[in-house]
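Encoded as structure tokens, the structure appears first; notes follow it.
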There are 2 protein chains.
Amino acid sequence: MPGFQGPRLKDVAEKANVSLSAASRILRGERQRFGAETCDRVLDAARQLGWRRNLLVNGMQTGRTRTIGVMIPPFDSFWVDVLAGIHIVLASADYLPITVWVGDCQEMPHFEKDEDEGFKQISRLLDRRVDGLILWPSFAVAYYDHFRELLERKVPVAVIDHEYSEDQIADSIETDEAASARAVAEHLVNLGHRDIACLSSREAAWQAWAVRRRECFEQAVEELGGGKVRSWRLNAWGTDGLEIAREILSQNPRPTAVFAVTDHEARYLYETAIEMGLEIPQDISVVGFADLDFAATMRPALTTMRQRPREIGRRAAQLILDRLDGDMAESPPTTIRVGADLIVRKSTARPPK
Amino acid sequence: MPGFQGPRLKDVAEKANVSLSAASRILRGERQRFGAETCDRVLDAARQLGWRRNLLVNGMQTGRTRTIGVMIPPFDSFWVDVLAGIHIVLASADYLPITVWVGDCQEMPHFEKDEDEGFKQISRLLDRRVDGLILWPSFAVAYYDHFRELLERKVPVAVIDHEYSEDQIADSIETDEAASARAVAEHLVNLGHRDIACLSSREAAWQAWAVRRRECFEQAVEELGGGKVRSWRLNAWGTDGLEIAREILSQNPRPTAVFAVTDHEARYLYETAIEMGLEIPQDISVVGFADLDFAATMRPALTTMRQRPREIGRRAAQLILDRLDGDMAESPPTTIRVGADLIVRKSTARPPK
DNA sequence: CCCGCGTGTTAAACTAGTTGAACGGGAAGC
DNA sequence: GCTTCCCGTTCAACTAGTTTAACACGCGGG
């Protein structure tokens, strides 16, 4: 029961009254060997029948499906924008991304729990013979072992927001953490803050960016004369945001500014501030990171580092395309660092006297 | 140069020392014809070599790629959640959605402008022989002509948020506009509002929901004794939101409540209210629609109808699966109406005296 | 009359399997 | 000694083309 699959090349050839191979050549663009009239006949026949090239066959023959697998968490607007960048670049190269999502939309996935499900997703991509893969760090770490297979199959892989420090086995595209953290530090120190806290995220192995963002920030503040940063982090499941925020804001002396490593953590600080009757930014300054879609509409509007997710997506896609048929097919893995921009809104001010 | 594609079945057969057809049968699950020891040998060999089924070949042979094309605008959290619902259902059936995006992330696409690009996207899906399609209305209307091809190819199509009134040629999954509009009307009329305005969106042909939402609301308010609704709508490009909002709030007498057909339009009303020094909800009540991710964090928090995008996505995916191998393969197109829930927040109150 | 050129044809091999039919050899049962 | 079963083999056809090689036909020029 192979359902009707549309007209075959054979149908086109018959309608145009030419041989199968002539039809194939003409439709592939090899026109010069044939008369103009014949070409027109074949092209017309194909159009009239609504024939379309079967990319499955093409894929079998050339080993290229013009398809790139993408695995991201469907978590927030950052990832949606990354995806947008990927789509734009791939579409213009006549490639198609196939996206699989790990985890739930409501919360950052816990890859440890979903290992099987995640690997099934990757399998679905490999079974369809994607030409390349763009992955978020979770897979890269949780399935480090499976990377062997990807390398053996020579499927180029780009990992977003995660760099392997020791043995880099795949390309990496990430936010420039050092420069970004320094920009935040400068902003706060310049405002006069000398007692600054940092609220980090879950610092799981596959959240290397969280660790680096915090460490870079701590270092930058100290270098700029802002004193020693007091740092907290969420638990492994990310469930204690409000409690940690309460702990930070209850310190005595209370820090005058808090850097949240993402806008999500900044939200906990906002909620806790309302709870405790503290005014942002009069009593405490808050800086976020990412400029997620809700950051601008928070009250007060959140000062945050705007990442460039679209550029990250674009660069990742371009890297895969270059590896596939560019000159860099064989060059060693690289790391691309994408900048971020400080967006000063209403949540930061000079420290209270 | 057909790049290395991983081990072939031939390699597995050789390693296990069996014939090609035996390997094929065993790996397909036809075990009873073979000895347990032979089966193990083949399975082991496949595992050790990392062999994986080539779905391209499968697709060619069976005419089924276990792949569903999805076309949506990457616009707001509504569509992200629809996508989430689709992914969940398809993943559990071992299908994979391939998503193409039309337009830009920042704004609702204008399909009229991008007709070529949009059709290229659909082509990319059909060229890869997707088994079914889930489309947003834009395509359904702009490319009405191309629907012929989809029907001929017997590719089941589900359209989200758009019902053809005359000749329904595809399945449709949409929000229950009549019930939802009535819920909003009841809420406002019960609060005592008797002079209610409606701010509709662009009412393009492919935004049938906007028209119906407005009309249902007008009718419901009148039936409930809330008087005659005064309605406005955005221009064809959706660029005059603030101007229209200003016009509404400058009316004399000013309506005491405004129903915005989506949360996006509610935003214009909020901005304009600040501009004009009006307090929400003391001076004017505002109701949105969709409960997009920013609705809860607006100040005051927006009262809105929460659509069920995930359910819409799930139902759409399920419908496609049922059409593919269920009993309803041949039944006529249906329309599924999904409910919505009124979320009362802080933007509605009794009308000012 | 033969050569070469422009067109186009046929046949075969190839992508990676899947599937049906026929068949073969050893062992057990009768 | 014959039949039957079990286990497995080989062969061929099939999915939808792509590509190479060899070849054929008619026309114009020499």
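Naming: A, B, ... by sequence-line order, numbering from 1 per chain. The basis for the numbers below is simple: all heavy atoms, side chains too, and nothing from hydrogens, waters or symmetry mates.
- Not one side-chain nitrogen or oxygen of Arg129(A) sits closer than 4.0 Å to the OP1 or OP2 atom of dT15(C).
- Residue Arg8(A) has a polar side-chain atom (N or O) positioned under 4.0 Å from OP1 or OP2 of dA16(D).
- Of the two residues contacting DNA chain D, namely Leu27(A) and Arg33(A), the nearest-nucleotide position lying further toward the 5' end is that of Leu27(A).
- One interatomic measurement links the two molecules: CD of Gln61(A) to C1' of dG17(C), which rounds to 14 Å at whole-angstrom precision.
- Between Arg41(A) atom CZ and dT9(C) atom C1' the separation is 13 Å, expressed in whole Å.
- Atoms CG (Leu56(B)) and C1' (dC14(D)) sit 17 Å apart, rounded to a whole Å.
- Side-chain contact, Asp44(B) with Gln48(B): no donor N or O sits under 3.5 Å from an acceptor N or O.
- The separation between Leu55(A) atom CG and dA16(D) atom P is 14 Å, rounded to whole Å.
- Formation of a donor-acceptor pair under 3.5 Å by the Arg66(A) side chain with backbone atoms of Ala93(A) is found in this model.
- Put simply, CG on Leu126(A) is 17 Å from C1' on dA16(C), counting in whole angstrom units.
- Between Trp136(A) and Trp79(A), the ring planes lie perpendicular to each other; the angle is over 60°, past the 30° to 60° tilted range.
- Across all strands shown, Arg28(A) has heavy atoms under 4.0 Å from sugar-phosphate atoms exclusively, and none from any base.
- Side-chain nitrogen and oxygen atoms of Thr62(B) include none within less than 4.0 Å of the OP1 or OP2 phosphate oxygen of dT18(C).
- Backbone-only engagement by Thr38(A) is indicated by non-hydrogen atom pairs under 4.0 Å involving sugar-phosphate atoms exclusively.
- At the heavy-atom level, Arg53(B) lies under 4.0 Å from the strands shown only through sugar-phosphate atoms.
- The nearest whole Å value for the distance from the CG atom in Asp11(B) to the P atom in dG17(C) is 9 Å.
- For Leu9(B) and dA16(C), the CG to P distance is 11 Å, given to the nearest whole Å.
- Positionally, the nearest nucleotide of DNA chain D for Cys39(B) lies more toward the 5' end than for the other of Leu20(A) and Cys39(B).
- Between the side chain of Arg52(B) and the backbone N or O of Asp127(A) there is no donor-acceptor pair closer than 3.5 Å.
- The side chain of Asn58(B) contributes an N or O atom lying less than 4.0 Å from OP1 or OP2 of dT18(C).
- Here the side chain of Met60(B) is nearest to one of dG17(C), dT10(D), dA16(D), namely dA16(D).
- Proximity of Trp51(B) to the phosphate of dA16(C): no side-chain N or O atom is located under 4.0 Å from OP1 or OP2.
- Among the nucleotides dT9(D), dG17(D), dT9(C), the one closest to the side chain of Phe34(A) is dT9(C).
- Contact annotation: Ser24(B) side-chain N/O to dG17(C) OP1/OP2 distance is not under 4.0 Å.
- Residue Pro309(B) is tested with Ile160(B), Val338(B), Leu83(B), Asp81(B) for a side-chain contact (heavy atoms from CB on, under 4.5 Å); the sole match is Asp81(B).
- Under 3.5 Å, the side chains of Arg128(A) and Thr65(A) contain no donor-acceptor pair of N or O atoms.
- To the nearest angstrom, C1' of dG8(D) lies 12 Å from CG of Asn17(B).
- Where DNA chain D pairs in unbroken runs of 3 or more (Watson-Crick or G-U, both distances under 3.5 Å), the stems are C:1-30 with D:1-30.
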